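What follows is a short report on a single structure.
Letters A, B, ... are given to chains in the order of the sequence lines, protein chains preceding strands, and every chain is numbered from 1. Atom set for the values below is all heavy atoms of this structure, side chains included, hydrogens, waters and symmetry mates excluded. Keep in mind it's a predicted model, so treat the numbers as computed, not measured.
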Amino acid sequence: MSERVRVRFAPSPTGPLHIGGVRTALFNYLFAKKHGGDFILRIEDTDQKRFVEGAEEYVINSLNWAGIPHNEGQGVGGEYGPYKQSERMHLYKEYADYLLENDKAYYAFDSSEELTEARERSQKEGKTFAYDSITRQYLKNSTSLSADEVKERIDNGEAYVIRMKLPRNEEVRFYDEIRGWVIVNTANMDDKVLYKSDGLPTYHLANIVDDHLMKITHVIRGEEWLPSAPLHVLLYKYLGWEDSMPKFAHLPLILKPDGKGKLSKRDGVKGGFPVFPLEWKDPASGEISAGYREDGYFKEAFVNMLAFLGWNPGTEQEIFSLDELVEAFSLDRVGKSGAKFDPVKTKWYNEQFLRMKSNEELASLLKPLIDFEVEDGYLAQVSELLKERAVFVSDMTEDSFYFEAPTEFDEKTIRKKWKENTPSIIEAMIAKFEGIQDFSSENVEVAFKQYLTDNELGMGAVLPNFRVLVTGKGMGPSMFQIAAILGKEETLNRLKSGLQKFK
RNA sequence: GGCCCGUUCGUCUAUCGGCUAGGACCCAGGAUUUUCAUUCCUGUAAGAGGGGUUCGAUUCCCCUACGGGCUACCA
């Protein structure tokens with residue numbers, strides 16, 4: 001019997017979650033659902049200096065909006081709580097002590113200033129400073145100091161950190177579900193701080209302890225964590241949890257659309273696209289960052305787009321519902337290389353989803369955006385006409401002629417098409433339309449074309465004028481459909497009053 | 001600088017040793033349309049470079065180049 005899949009998304013509340021984070025959450029969600037497992041949200045707030053008000057709520061709201069809610073964790077509870085590290089602080093110390101007792105960790109008394117100084121000194125010599133198996137011999141810690149002195153310093157209340165004690169030269173290897181075997185030698189790693197002098201654990205310790213306690217089976221996170229994965233593997237080993245160590249999968253990064261580097265907030269303002277799922281107002285500066293939701297993107301399009309950043313189904317299908325993504329998802333179809341973000345393709349996804357919506361649904365989305373009182377049925381008809389030419393629902397509000405008679409008329413059309421005999425043609429047209437009982441687009445079209453052939457007129461001479469009188473525009477959807485939607489009375493009224501203007 | 005990861009059309013990607021290198025976005029052209037859009041068709045465009053291994057390498061190995069990540073008492 002295989003154990004139940006449990007994955008977690010563990011952001012740190014240091015600001016709004018950006019789309020890279022949402023993608024990580026999405027892949028965790030898809031993986032969990034695919035295997036009938038749990039998707040847990042844990043808040044990693046061990047660094048109180050970087051805490052940002054509202055960030056935690058933002059994460060939860062984002063997941064909910066995207067339709068990928070966690071079924072356990074912060075905000076929803078569960079058996080393994082609490083799910084916020086600041087509320088779990090009492091848990092971590094015993095593991096640090098265990099490491100200390102087993103000679104896998106040690107106390108260090110060096111101040112940040114001393115370490116900074118050491119780094120600068122090394123840099124001048126063209127070397128990189130690392131607190132490791134060699135340098136710790138010369139620094140102030142429990143491996144270099146006598147037991148008495150260590151005890152004295154601690155008893156005196158001197159500030160200290162607890163560092164992990166790495167072996168001098170040992171190969172650490174682990175299998176990454178996406179990248180295969182990754183091998184690093186401890187000679188290239190350093191003695192990471194496990195416990196800070198403020199008495200709080202660092203990410204490294206808290207993360208491993210929590211993943212273990214919460215019975216996490218797969219750690220799916222961004223590639224930026226790959227370098228510290230060996231350290232985590234070692235921690236599992238030293239804590240005696242090797243057998244239940246989760247599997248690792250490091251996702252490729254989302255890169256800037258142009259140029260190089262990780263996608264950042266700046267790229268969004270520069271390229272005119274959101275990098276956050278939801279609009280975010282920075283509590284300190286008051287600065288507002290655009291969000292996909294507020295910019296009019298459908299969550300389905302947003303999720304579909306994110307899924308295809310670094311993953312693909314191996315088929316030619318590109319449009320997926322969330323359920324289909326769950327069904328199709330697998331870690332071995334996740335790519336290894338970073339993906340440049342493409343805001344143009346994101347719009348394309350939105351366009352696709354907009355077209356799949358029913359006229360009724362579009363009507364209900366359109367309703368709050370317009371200033372006119374109209375019936376839902378009427379809006380649905382308008383939606384039918386506009387959905388093929390819109391990317392966002394808001395694009396459908398641009399033409400107001402569906403709701404009120406035009407007050408301005410396209411000059412170019414008037415100039416080029418309005419001829420001496422036009423008024424008489426339109427008048428005859430009106431008369432022809434008066435006779436239509438059922439003012440359907442088909443009937444209007446038949447009547448219109450009938451009139452043209454009877455009078456040996458071409459479409460191009462009459463239709464643009466028909467259009468401009470009724471809509472004010474020089475181009476747009478089928479005039480027969482527009483006329484049918486507006487109805488006989490409104491169409492004729494517009495024709496008549498338009499005629500007065502240009503007679 | 002050191003360590004790690006990566007490298008197929010401009011972009012996202014398919015290919016798990018047999019390729020005339022496929023799809024999508026974008027762009028261009030054509031057809032349809034009163035017009036715009038849609039739709040349909042067509043086109044442009046790729047395996048970083050060099051060595052191996054092999055009957056055969058985009059696919060496997062090595063080197064170089066390039067890109068990225070990490071290098072905090074941040075996550």
Out of B:rG6, B:rA75, B:rG68, whichever nucleotide has its closest atom nearest the side chain of A:L253: B:rG68
What does A:K347 touch in the nucleic acid at a heavy-atom separation under 4.0 angstrom: a base, only the sugar-phosphate, or nothing? nothing
Quick one: does any side-chain atom of A:D132 pair with a main-chain N or O of A:I134 as donor and acceptor, under 3.5 Å? yes
Would you please indicate if the ring centroids of A:F302 and A:Y349 are separated by under 6.0 Å? no
Taking N and O atoms by type only, does the side chain of A:R355 place a donor or acceptor under 3.5 Å from a partner on the base of B:rU38? no
Counting any heavy atom closer than 4.0 Å, what does A:T46 reach on the DNA or RNA strands: base, sugar-phosphate only, or nothing? sugar-phosphate
Using Watson-Crick or G-U wobble geometry with both distances below 3.5 Å, tell me the partner of B:rU59, or none. none
Would you classify A:R467 as touching base, sugar-phosphate or nothing, given that sugar-phosphate means primed atoms plus P, OP1 and OP2, and contacts are heavy atoms under 4.0 Å? base
Looking at the side chain of A:R333, which of B:rG6, B:rA14, B:rC3 is the nearest nucleotide? B:rA14
Verify the contact: side-chain N or O of A:K417 to OP1 or OP2 of B:rU34, cut-off strictly under 4.0 Å; return yes or no. no
Donor/acceptor link under 3.5 angstrom from A:R50 side chain onto base of B:rC74: yes
Need to verify one output field. Residue with the more 5' nearest nucleotide on RNA chain B, A:G314 or A:D110? A:G314
Check for a donor-acceptor pair, side chain of A:N141 on one end and backbone N or O of A:D110 on the other, with a separation under 3.5 Å. no
P atom, B:rG30 versus B:rU11: distance in rounded Å? 28 Å
Go through B:rC4, B:rU34, B:rC25 for me and flag the one nearest to the A:M479 side chain. B:rU34
Considering only the P atoms, how many Å lie between B:rU64 and B:rG1, rounded to the nearest integer? 13 Å
Whole angstroms only, please: what is the CG-P distance between A:L231 and B:rC70? 16 Å
In whole Å, measure the gap between the P atoms of B:rA48 and B:rC66 for me. 15 Å
May I ask which nucleotide in the shown strands pairs with B:rG67, Watson-Crick or G-U wobble, both distances under 3.5 Å? B:rC5
Using the P atoms only, state how far B:rU7 lies from B:rU58, rounded to an integer number of Å. 16 Å
How far does the C1' atom of B:rG51 sit from the matching atom of B:rA65, given to the nearest Å? 14 Å
Could A:E170 and A:R168 be called an ion pair, given the rule that one side-chain N must be under 4.0 Å from one carboxylate O? no
Regarding A:M459, tell me which of base, sugar-phosphate or nothing describes its non-hydrogen contacts under 4.0 Å with the strands shown. sugar-phosphate
Quantified in whole Å, what is the P atom distance between nucleotide B:rU15 and nucleotide B:rG22? 14 Å
Distance criterion of 3.5 Å, no angle test: do you see the side chain of A:K192 paired donor-to-acceptor with the base of B:rA72? no
B:rG43 versus B:rA57 - spacing of their P atoms, nearest Å: 29 Å
Centre-to-centre under 6.0 Å for A:Y297 and A:F392, is that the case here? yes
Taking the same atom, P, in B:rG10 and in B:rA45, what whole-Å distance lies between them? 10 Å
Checking B:rC74, B:rG22, B:rA14 against the side chain of A:E316 (C-beta onward), the nearest is B:rG22
Between B:rC25, B:rC73, B:rC12, which one does the side chain of A:V344 approach most closely? B:rC25
Distance-only, no hydrogens or angles: does the A:T413 side chain make a donor-acceptor pair with backbone N or O of A:F409 under 3.5 Å? no
